[in-house]
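Letters A, B, ... mirror the listed sequences (proteins, then strands); counts begin at 1. These values consider heavy atoms only, across backbone and side chains, with no hydrogens, waters or symmetry-generated copies.
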Amino acid sequence: MSIDNIISQATADAVKALYGVDILPSSIAPQTTKKEFEGNLTIVVFPFLKASRKNPEITAQEIGQYMLDNCNAVKDFNVIKGFLNITIEPAFWAGVLIHINETPDYGFKAETSDSELVMIEYSSPNTNKPLHLGHVRNNLLGFSLSEIMKANGYKVVKTNIVNDRGIHICKSMLAWQKWGDGITPSKAGKKGDHLIGDFYVLFDKKYKAEIKALIESGLSQEDAEKSSKLMLEAREMLRLWETGDQNVRSIWQMMNEWVYAGFDETYSRMGVNFDKIYYESNTYLEGKDKVLEGIENGIMYRKDDGSVWADLTADGLDHKLLLRGDGTSVYMTQDIGTAKLRYQDYPIDKMIYVVGNEQNYHFQVLSLLLDKLGFKWGKDLVHFSYGMVELPEGKMKSREGTVVDADDLMDEMITTAKETSAEMGKLSNCSEAEANDISRIIGLGALKYFILKVDPRKNMTFNPKESIDFNGNTGPFIQYTYARIQSVLRKTSEANIDMNVDFNGIQPNEKEIAIIQRLADFPSIIEEAGKSYSPAQIANYVYDLVKEYNQFYHDYSILKESDEQVRAFRILLSKNVGNIIKRGMSLLGIEVPSRM
RNA sequence: GGUCCGGUAGCUCAGUUGGAUAGAGCAACAGCCUUCUAAGCUGUGGGUCGCGCGUUCGAAUCGCGCCCGGAUCACCA
């Protein structure tokens, strides 16, 4: 039983004994006492005034006195206005630390046979260009969210829906056919996704030139776009693809393989992965049945031109198109189809879509439609919506070359980490391989932490220069603290310090108590982050813990402490801070180095 | 115009189901390396929590109205 629960229970008991009123202990949430006041936990007594019919000070005084007399965890109390500050018996804190130390999966709930299954969709790239900064935010959020849900005891299936068909892919294919001269990724010495991306850009360039020429020959913008030969060829290719034309399909197959090989490399470097990948080429025809079923059930209706719609005005939204007049699917229909396939594959209880906030409306509609169509998780599907990543110079525009490529970005981060470390002389005692590994961990940690610490809903500015600043609320700062703790532990074992010490009667000081209190918060932080789907809460918690520990680390000698009991206690405390840092960072998909 | 989301220090951001005098980092200035890793620590300065009204013992937090910024409102995905 946690200290919080003990105090909540004791408070409820006190109110019952003093005023004869029943209060649910769970409705009382003790908060950590502010630094400027004495005590560890604070109870706000205003809610009890109706029961006590006395003023706040007297009420707090009475409850405090009762708790002091009847609860052995309470050592002392003081009252300021309506705030009852309780000092916990220091020996209890030692017990809390020992409990944390002895609980291997502290803070993580285990998956059980009746755990709910949550499917998390993230990444969802197009196969016509490499991943960029926007995908990085998506991937990091999606992966972290998966880890957080697992820690909350859910069964998690990570999924990726790859947009592998459509006019954009045909553009790349066409450009490769026309100007590629049979080049392949290995011949070009280039990752496949980058190669395809180059052809996509090339298409756009040639297309623009064609349009420009047509306009100069006297056509209007609109007419020029209509009569562009390139675009017509691309459309024809898409048509052939849809009829299953062998030639087009085999080029498509080959080029997609190149792209997937490139993506795999990027994903694996980024440290993200998937349990199940869906391809739009397999799912894009699937939604039709469901929609037709919807017509029979009166959920959808058909217009005179043959198109099919859903009327969502009763839910405050508009009419939504689901099938075109010619019977083909739109985006929404495909998502319904994908949902159908997924539900055939897995007994989904909960579905989370990690998709940018420009699609908020889409998911509002999807949720309603899936619900109406009988998907049990439709109504409560979570659109984990995140804001755009902007650059200091403004928005990213692929045409203007201001897109930050994911691979380049990771390279840059790792290189900078290595240079910075070398400048500080940190890597002088390492082998080359070790130095590279540490640089990789630090560089990627800096990137990941910088992105994940921000509330996902907010648009954020990614400043490449500032992200490589290793000071303050950053990944490297946290990693550094972890590395120092590992150093302390190494020295502990080198010096053969006996850790089998009886901690009976130990009196942790204020700073130690503050750290233990924070460690004890870990489970509720994970739970909260799982409810609000927020990796940022984990990130900021870990930072607070590290900050608190750093002060302690600088104020007290740990290994030099002469009192064996105190020394062992401080080593134990450090070890557990290290453990929690590691677990917290693992929820963000960030590694921690044992030295740096 | 309709809908959704943001607005907290010069900058980047926290702020736990409404709680005490709103917190970090960066930037600026002043200190601290014979002591477990100085990528660190300590101190100083910096605020109309977008604006107003309301709800109550108490509002950055909840409600209503307005202002600013973003997204979206396609037979694109």
Side-chain angles (χ1 to χ4, degrees), chain A residues 27 29 31-34 36-37 42 44 46-47 49 55-56 80-83 85 124 126 163 165-168 280 284 305-309 316-318 321-326 328-332 334-335 356-362 364 385 387-388 390 392 395 417 420-421 423-424 426 442 446 450 453-455 457-463 466-467 469-474 476-481 483-492 495 521 524-525 528-529 531-532 536-537 539-541 543-544 547 550-561 570-571 574 595-596:
Chain A
S27 70
Q31 41 199 293
T32 48
T33 304
K34 296 221 166 197
E36 53 270 35
F37 302 104
T42 297
V44 182
F46 288 108
L49 298 185
N55 74 38
I80 296 166
K81 291 194 269 181
F83 299 91
N85 300 320
S124 311
N126 292 351
N163 182 9
R165 60 160 287 279
I167 189 74
H168 46 291
E280 224 176 74
Y284 82 111
D305 64 359
S307 58
V308 177
W309 297 73
L317 302 175
D318 290 327
L321 176 83
L322 291 162
L323 290 176
R324 298 186 182 103
D326 63 7
T328 55
S329 298
V330 294
Y331 179 39
M332 186 62 70
Q334 293 172 30
D335 256 358
N357 63 11
E358 69 275 8
Q359 293 194 29
N360 284 356
Y361 183 75
H362 173 80
Q364 229 179 315
S385 165
M388 308 179 66
E390 287 164 22
K395 286 184 188 169
T420 311
S421 303
E423 263 170 44
M424 293 174 164
K426 295 277 178 186
I442 296 171
F450 189 88
K453 74 173 178 187
V454 181
D455 183 336
R457 283 170 305 185
K458 288 185 175 172
N459 288 352
M460 66 175 293
T461 306
F462 180 79
N463 186 330
E466 270 179 31
S467 73
D469 188 347
F470 291 68
N471 292 313
N473 189 356
T474 63
F477 170 60
I478 293 164
Q479 291 170 322
Y480 175 63
T481 303
R484 279 194 308 196
I485 290 171
Q486 299 318 300
S487 176
V488 168
L489 297 179
R490 273 194 299 272
K491 299 214 152 124
T492 299
D521 279 342
S524 63
I525 297 290
E528 185 55 36
K531 277 184 197 151
S532 54
Q537 289 182 6
N540 286 297
Y541 163 80
Y543 175 66
D544 286 343
K547 195 91 178 78
N550 263 319
Q551 292 168 17
F552 167 77
Y553 182 93
H554 280 267
D555 285 1
Y556 298 93
S557 306
I558 297 172
L559 297 171
K560 301 270 154 62
E561 171 62 44
R570 288 183 180 165
I571 292 169
S574 301
R595 65 179 76 214
M596 65 187 271

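Among the heavy atoms of the strands lying under 4.0 Å from A/Met460 are primed sugar atoms or P, OP1, OP2 only; no base atom is included. Residue A/Ala536 is classed as having no contact, given no heavy-atom separation below 4.0 Å to the nucleic acid. A/Thr42 comes within 4.0 angstrom of a base, heavy atoms only. Using a 4.0 Å heavy-atom distance criterion, A/Ser385 is classed as making no nucleic acid contact. Contacts of A/Phe450 with the nucleic acid, taken as non-hydrogen atoms under 4.0 Å apart, are absent. Contact annotation for A/Val454: backbone-only contact, meaning every heavy-atom pair under 4.0 Å involves sugar-phosphate atoms and none involves a base. Nucleic acid contact for A/Ile442: base, since at least one base atom lies under 4.0 Å from a heavy atom of the residue. Using a 4.0 Å heavy-atom cutoff across all strands shown, A/Gly166 reaches no nucleic acid atom at all. Among the atoms of the strands shown, none is found under 4.0 Å from any heavy atom of A/Asn55. Using a 4.0 Å heavy-atom distance criterion, A/Tyr541 is classed as making no nucleic acid contact. Within the nucleic acid shown, A/Gln359 comes within 4.0 Å of at least one base atom, counting heavy atoms only. Across all strands shown, A/Lys426 has heavy atoms under 4.0 Å from base atoms, whether or not it also approaches the sugar-phosphate. Contacts of A/Tyr331 with the nucleic acid, taken as non-hydrogen atoms under 4.0 Å apart, include base atoms.
Side-chain atoms of A/Gln537 lie closest to B/G15 of the nucleotides B/C41, B/A39, B/G15. Side chain of A/Gln334, nearest nucleotide from B/A77, B/A20, B/C41: B/A77. Set against B/U17, B/U72, B/A77, the side chain of A/Glu358 has B/U72 as its closest nucleotide. Side-chain atoms of A/Asn360 lie closest to B/C4 of the nucleotides B/C4, B/G40, B/C57. The A/Lys81 side chain lies nearest to B/U21 when the options are B/U21, B/U17, B/C73. For A/Asp455, whose side chain is taken as the heavy atoms from C-beta onward, the closest listed nucleotide among B/A14, B/C36, B/A77 is B/A14. For A/Tyr480, counting side-chain heavy atoms from C-beta on, the closest listed nucleotide (B/G40, B/A24, B/U72) is B/G40. For A/Phe46, counting side-chain heavy atoms from C-beta on, the closest listed nucleotide (B/U17, B/A71, B/C57) is B/C57. Closest to the A/Arg457 side chain, of the nucleotides B/G40, B/C5, B/A77, is B/C5. When the nucleotides B/G15, B/A14, B/G40 are ranked by their closest atom to the side chain of A/Phe477, B/G40 comes out on top.
Between the CE atom of A/Met596 and the C1' atom of B/A39 there is a distance of 6 Å, rounded to whole Å. For A/Asn471 and B/U37, the CG to P distance is 20 Å, given to the nearest whole Å. Computed from coordinates, the A/Arg595 CZ to B/A39 P distance equals 16 Å when rounded to whole Å. Distance CG (A/Leu559) to C1' (B/U35): 11 Å, rounded to an integer number of Å. When rounded to the nearest whole Å, the span between CG of A/Asn459 and C1' of B/C5 equals 9 Å. B/G6 atom C1' lies 10 Å from atom CG of A/Asn357, rounded to whole Å. Distance A/Gln551 CD to B/A38 C1': 16 Å, rounded to the nearest Å. The distance between atom CG of A/Asp318 and atom C1' of B/U3, rounded to the nearest whole Å, is 9 Å.
A distance of about 31 Å separates the P atoms of B/C4 and B/A20, rounded to the whole Å. To the nearest whole angstrom, the two P atoms, one in B/G70 and one in B/C75, are 25 Å apart. Nucleotides B/A14 and B/U8, compared at atom C1', are 10 Å apart to the nearest Å. Comparing the P positions of B/G40 and B/G23 gives a spacing of 23 Å, expressed to the nearest Å. Taking atom P in both B/A9 and B/G50, one finds a spacing of 8 Å when rounded to whole Å. Distance check on atom C1': B/C53 versus B/A59 gives 13 Å, rounded to whole Å. B/U44 and B/C5: their P atoms are spaced 40 Å apart (whole Å). For the C1' atoms, the distance from B/C36 to B/C41 is 15 Å, rounded to whole Å.
Here the closest non-hydrogen pair linking A/Ser524 and A/Asp521 is OG-O, 2.9 Å. A/Tyr361 and A/Asp318 make their closest contact through OH-N, 3.6 Å (heavy atoms, listed as atom of the first residue, atom of the second, distance). Between A/Gly82 and A/Pro56, the shortest heavy-atom distance links the atoms CA-CB, 3.9 Å. What you find for A/Ile525 and A/Gln537 is that their closest heavy atoms are CG2-O, 4.2 Å. Considering every non-hydrogen atom in both A/Ile442 and A/Pro476, the closest pair reads CG2-CG, 3.9 Å. Closest heavy-atom contact between A/Ser385 and A/Asn357: OG-CB, 3.0 Å.
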For A/Arg324 and A/Asp326, run salt bridge (charged side-chain N to carboxylate O under 4.0 Å, His left out): C-alpha distance rounded to whole Å, both residues' side-chain angles, the deciding distance at 0.1 Å, then the answer. CA-CA 5 Å; A/Arg324 298 186 182 103; A/Asp326 63 7; 5.3 Å; no
Going through the checks in order, is the side-chain hydrogen bond (donor to acceptor under 3.5 Å, both in side chains) test met by A/Glu528 and A/Tyr541? CA-CA 11 Å; A/Glu528 185 55 36; A/Tyr541 163 80; over 6 Å; no
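In B/C73 the base sits anti relative to the sugar, since the glycosidic angle is further than 90° from 0.
Taken from CD in A/Gln364 to CG in A/Leu317, the straight-line distance is 5.0 Å, to the nearest 0.5 Å.
Residues A/Tyr543 and A/Lys453 form no side-chain contact, since every pair of their non-hydrogen atoms from C-beta on lies 4.5 Å or further apart. Between A/Val44 and A/Phe83, the closest side-chain pair of non-hydrogen atoms falls below 4.5 Å.
At a cut-off of 3.5 angstrom, counting only N and O atoms as typed in the model, there is a donor on one side and an acceptor on the other between the side-chain of A/Asn85 and the base of B/A20. For B/C75, the base has a donor-acceptor partner in the side chain of A/Asp305 [N/O atoms by modelled type, under 3.5 angstrom]. At a cut-off of 3.5 angstrom, counting only N and O atoms as typed in the model, there is no donor on one side facing an acceptor on the other between the side-chain of A/Thr474 and the base of B/A39.
Between the side-chain ring of A/Phe37 and the base of B/A20, a stacking contact exists by the 5.5 Å and 30° definition.
The residue among A/Gln31 and A/Thr420 whose nearest nucleotide of RNA chain B is located toward the 5' end is A/Gln31. In terms of position on RNA chain B, the residue among A/Met424 and A/Trp309 whose nearest nucleotide sits closer to the 5' end is A/Met424.
Below 30°, between 30° and 60°, or above 60°: for A/Tyr331 and A/His362 the angle between ring planes is below 30°, a parallel geometry.
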According to the Watson-Crick and G-U wobble definition with distances under 3.5 Å, which dot-bracket string, read 5' to 3', encodes RNA chain B, using [ ] for crossing pairs and | for pairs with another strand? (((((((..((((.....[...)))).(((((.......))))).....(((((..]....))))))))))))....
